[in-house]
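Notes follow once the structure below has been shown.
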There are 2 protein chains.
Amino acid sequence: MPSITRRRTANVGRPTSAEAEILAATQRLLINGANFTELGVQQISTEAGVARSTFYNHFRDKVDLLMRLATELMSSSFDVTSAWHPSEGVEHLADVFSQVMRVYRKHAAVRRALAEVAAYDATVRDFWGRELTQFTDWTLTLLRAEQDVGRTPADLDLESAVRVIVMGGERALVDHVTAGDPGRDAAFARELALTWWHGVYRRPADDGGAG
Amino acid sequence: MPSITRRRTANVGRPTSAEAEILAATQRLLINGANFTELGVQQISTEAGVARSTFYNHFRDKVDLLMRLATELMSSSFDVTSAWHPSEGVEHLADVFSQVMRVYRKHAAVRRALAEVAAYDATVRDFWGRELTQFTDWTLTLLRAEQDVGRTPADLDLESAVRVIVMGGERALVDHVTAGDPGRDAAFARELALTWWHGVYRRPADDGGAG
DNA sequence: CCACGTCTGGACATTGTGTCCGGAAATTAC
DNA sequence: GTAATTTCCGGACACAATGTCCAGACGTGG
């Protein structure tokens with residue numbers, strides 16, 4: 001893959017140029033349930049009301065387009081999550097998950113596309129992986145601290161626990177958002193929070209130190 | 001997609017025909033780390049020492065090939081799992097997960113390919129979904145029974161819990177197998193078992209009713 | 001030897017990708 | 001207003017991969 005290049009030169013003077021049109025069109029198509037992989041450059045261009053060649057004036061290829069969409073849209077759900085701390089208790093954690101779920105629902109289409117392409121494209125996979133690394137690192141730090149203070153069992157296998165929480169959690173969340181009943185978002189968030197909480201602390205609901 | 005058709009006519013008379021050759025070659029390529037999506041019919045045929053047209057004599061397309069590989073190889077890890085019952089306790093559950101992990105490691109390549117294609121192909125996604133449905137149903141039944149007997153908290157949201165366990169667990173498992181240290185399979189299995197156990201029962205390690 | 005089924009190798013139509021270019025159109029600079 | 005610059009259009013091109021089709025080679029069993 002060549003370098004990034006192709007930075008717009010005088011985009012400033014033209015607010016809604018073809019570029020924005022293409023990004024919007026792609027989102028529209030994705031939201032309508034289109035499958036990113038079998039979405040041709042032609043279709044995207046047509047939907048955007050733009051010549052196919054124009055697409056290539058702005059994007060190296062479909063993957064480039066997807067990444068741009070992602071960075072543009074993905075108001076990191078990480079910010080929401082990382083604000084939480086065990087001292088705030090389980091119920092608060094459930095609230096956090098609820099918020100994350102809202103973010104997921106909002107950007108569901110793009111996230112679906114990301115997951116889809118990540119399965120077979122290394123570039124996107126790495127990008128996505130980097131995104132998840134934030135969570136992994138954060139969780140690891142948090143769990144280690146809890147363990148040091150003796151709140152979490154000493155025999156907890158940190159690496160495995162983090163994997164179960166981050167990878168597993170992400171997957172369950174996506175599955176709920178794509179297949180579950182939106183009316184039960186809160187219930188799901190609570191269940192997820194409680195499962196992690198008790199799973200990791202391995203004891204009854206002693207509100208996490210109520211402190 | 002057309003119907004299933006294409007059943008071998010006189011396969012019996014020739015044990016190791018092109019068909020087996022192709023299946024084996026594909027596995028070889030996958031195990032060597034090849035990406036199923038960017039694996040051309042030409043490459044597969046060449047690797048199998050067979051003409052490209054021969055490929056189409058046996059498989060409708062690449063997806064067909066993948067499904068055949070899958071059903072042939074996937075000695076359901078379900079059998080292993082479904083043999084377990086809560087009365088056997090957590091540690092036994094960890095053993096079960098260890099066994100499942102062995103199955104996963106063995107068929108890792110094909111499973112990776114399945115996950116990959118499932119991301120963008122409906123046929124494979126459905127197939128894969130059906131596979132997971134077994135687990136979902138089983139877990140649901142089990143949890144409901146536990147809840148009826150009052151061993152599991154009444155406020156447990158069944159549907160969500162199942163999602164967290166099955167989808168999340170599968171993902172974490174795959175992640176561990178592909179990215180984790182094989183030497184720590186047991187540790188991971190145990191962590192997974194303990195997290196589910198305590199997460200679902202929400203109380204300390206009262207060995208699950210000890211029978 | 002003949003019939004049958006399989007394998008071969010190549011031709012073919014089709015679809016999608018990414019590149020390139022000449023000219024139209026619009027924007028900016030002068 | 002005119003010239004220069006940039007973008008967009010639309011179409012041509014080369015290239016790669018799919019899936020279909022067929023004529024002929026090959027080998028086995030009757």
Side-chain angles (χ1 to χ4, degrees), chain A residues 1-26 29 34-68 113 116-117 120-124, chain B residues 1-26 29 34-68 113 116-117 120-124:
Chain A
M1 297 266 176
S3 58
I4 317 297
T5 61
R6 224 10 352 234
R7 214 69 295 168
R8 61 220 83 76
T9 350
N11 189 1
V12 206
R14 200 168 316 184
T16 24
S17 73
E19 187 160 323
E21 221 67 67
I22 292 172
L23 287 169
T26 308
L29 288 169
N35 186 322
F36 187 78
T37 302
E38 62 192 24
L39 204 61
V41 172
Q42 185 58 264
Q43 290 171 63
I44 297 176
S45 306
T46 304
E47 170 77 20
V50 137
R52 195 173 73 94
S53 64
T54 300
F55 176 95
Y56 289 103
N57 279 341
H58 293 274
F59 305 95
R60 207 150 28 88
D61 51 28
K62 257 169 53 183
V63 168
D64 185 22
L65 164 65
L66 181 56
M67 311 273 280
R68 295 266 277 281
E116 178 187 320
V117 179
Y120 59 90
D121 180 284
T123 314
V124 175
Chain B
M1 297 267 176
S3 57
I4 316 298
T5 61
R6 232 349 18 223
R7 217 69 295 173
R8 59 219 88 73
T9 349
N11 189 1
V12 205
R14 199 166 316 184
T16 24
S17 73
E19 186 159 324
E21 221 65 70
I22 291 173
L23 287 169
T26 307
L29 288 169
N35 186 322
F36 187 79
T37 303
E38 61 193 26
L39 204 60
V41 171
Q42 184 58 263
Q43 291 170 62
I44 297 176
S45 306
T46 303
E47 170 78 19
V50 136
R52 197 172 72 91
S53 63
T54 301
F55 176 95
Y56 289 103
N57 279 341
H58 293 272
F59 305 94
R60 207 151 26 91
D61 50 28
K62 258 170 50 185
V63 168
D64 186 22
L65 164 64
L66 181 57
M67 312 273 280
R68 295 265 279 279
E116 178 187 321
V117 178
Y120 60 88
D121 181 284
T123 314
V124 175

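Throughout, a chain's letter reflects where its sequence line sits, starting with A, and its residues are numbered from 1. Predicted model only: the values in this text are computed from it and were never measured.
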Atom-pair distance (CZ on A:F36; P on C:dT17), nearest Å: 10 Å
Between the CG atom in A:D64 and the NE2 atom in A:H58, the distance rounded to the nearest 0.5 Å is 12.0 Å
Reading 5' to 3' and counting Watson-Crick or G-U wobble pairs with both distances under 3.5 Å, write the dot-bracket notation for DNA chain D, | for bases paired outside the strand. ||||||||||||||||||||||||||||||
Here the distance between atom P of C:dT17 and atom NZ of A:K62, to the nearest Å, is 6 Å
Euclidean distance, atom CZ of residue A:R60 to atom C1' of C:dT17 [Å, nearest integer]: 14 Å
Tell me if a side-chain donor or acceptor on B:E116 pairs with a main-chain N or O of B:T37 at a distance below 3.5 Å. yes
Rounded off to whole Å, could you give me the CD-to-P distance for the B:Q42 and D:dG19 pair? 13 Å
Does C:dT6 have OP1 or OP2 sitting under 4.0 Å from an N or O in the side chain of B:H58? no
Side-chain polar contacts of residues 46-54 of chain A - donor-acceptor pairs under 3.5 angstrom, sequence neighbours left out - could you list them?
| residue | atom | partner | partner atom | Å |
| --- | --- | --- | --- | --- |
| A:T46 | OG1 | A:Q42 | O | 2.9 |
| A:T46 | OG1 | A:Q42 | OE1 | 3.4 |
| A:E47 | OE2 | A:R28 | NH1 | 2.6 |

Take atom CD1 of A:I44 and atom C1' of C:dG16, then tell me their distance rounded to the nearest Å. 12 Å
Nearest atoms (heavy-atom pairs only) where A:A25 meets A:I44: CB-O, 4.1 Å
At their closest point, which heavy atom of B:N35 faces which heavy atom of A:Y120, and how far apart are they? ND2-O, 2.9 Å
Could you state the interatomic distance from OG1 (A:T123) to CZ (A:R60), rounded to the nearest 0.5 Å? 7.5 Å
In a check of side chain to side chain contact (heavy atoms under 4.5 Å, CB included) between B:F59 and each of B:L66, B:L23, B:V41, which one passes? B:L23
Atom CD of A:E19 and atom C1' of D:dC8: how far apart are they, to the nearest Å? 14 Å
OP1 or OP2 of C:dG18 versus the side-chain N and O atoms of A:Y56: is any pair under 4.0 Å? yes
From B:E19 atom CD to B:L65 atom CG, the distance as rounded to the nearest 0.5 Å: 9.5 Å
Whole angstrom is fine here: how far is it from CG in B:L65 over to P in D:dT18? 12 Å
I'd like a list of close polar pairs between nucleotides 9-11 of chain D and the protein, N/O only, cut-off under 3.5 Å.
| residue | atom | partner | partner atom | Å |
| --- | --- | --- | --- | --- |
| D:dC9 | OP2 | A:A51 | N | 2.9 |
| D:dC9 | OP2 | A:T54 | OG1 | 2.8 |
| D:dG10 | N7 | A:S53 | OG | 3.1 |
| D:dG10 | O6 | A:S53 | OG | 3.2 |

